[in-house]
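Everything on this sheet refers to the single structure shown next.
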Amino acid sequence: MEHLKLQSDYITLQQFLKIENIISSGGEAKYYLAEHKVYVNQELENRRGRKLYPKDIVRVNGKEYQME
């Protein structure tokens, strides 16, 4: 599991996807989430504005990331 240190109280799922270079621009987030399975805390998530807080776990492309 990889860890991502948050610089603020939370980040959005869209910001996370950009930080991890899964997408190259914010505009891609909507399409990416429609075509790929992304889980937040073991629940399928398709909202690019979903807020991620410390201890949240995101699973995408076979990798897990924990927010810190």
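Keep in mind the model is a prediction, meaning the values are calculated, not measured.
For Asn41, the side-chain hydrogen bond (donor to acceptor under 3.5 Å, both in side chains) partners at least two apart in sequence or on another chain are Asp56.
Within the model, atoms CG of Leu17 and NE2 of His36 stand 10.5 Å from one another, a figure rounded to the nearest 0.5 Å.
None of Leu33, Ile22, Asn46 except one satisfies the side chain to side chain contact (heavy atoms under 4.5 Å, CB included) rule with Val38; the exception is Leu33.
Leu44 belongs to a hydrophobic cluster whose remaining members, ordered by chain and number, are Tyr39; membership requires side-chain heavy atoms of ILVMFWY residues under 4.5 Å apart, directly or through intermediates.
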All N/O donor-acceptor pairs, side-chain side in residues 5-15, below 3.5 Å, sequence neighbours left out:
{"residue": "Ser8", "atom": "OG", "partner": "Tyr10", "partner atom": "O", "Å": "2.8"}
{"residue": "Thr12", "atom": "OG1", "partner": "Gln15", "partner atom": "N", "Å": "3.2"}
{"residue": "Thr12", "atom": "OG1", "partner": "Gln15", "partner atom": "OE1", "Å": "3.3"}
{"residue": "Gln14", "atom": "OE1", "partner": "Arg48", "partner atom": "NH1", "Å": "3.2"}
{"residue": "Gln15", "atom": "OE1", "partner": "Thr12", "partner atom": "N", "Å": "2.7"}

Let me have the donor-acceptor pairs involving side chains of residues 59-68, under 3.5 Å, with sequence neighbours excluded, atom names and distances please.
{"residue": "Asn61", "atom": "OD1", "partner": "Tyr32", "partner atom": "OH", "Å": "2.9"}
{"residue": "Asn61", "atom": "ND2", "partner": "Tyr32", "partner atom": "OH", "Å": "3.2"}
{"residue": "Glu68", "atom": "OE2", "partner": "His3", "partner atom": "ND1", "Å": "2.7"}

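Atom CD of Gln42 has 12 or fewer heavy atoms from other residues, nucleotides or ligands within 6.0 Å.
A salt bridge (charged side-chain N to carboxylate O under 4.0 Å, His left out) check over residues 11-38, counting only residues at least two apart or in different chains, returns nothing.
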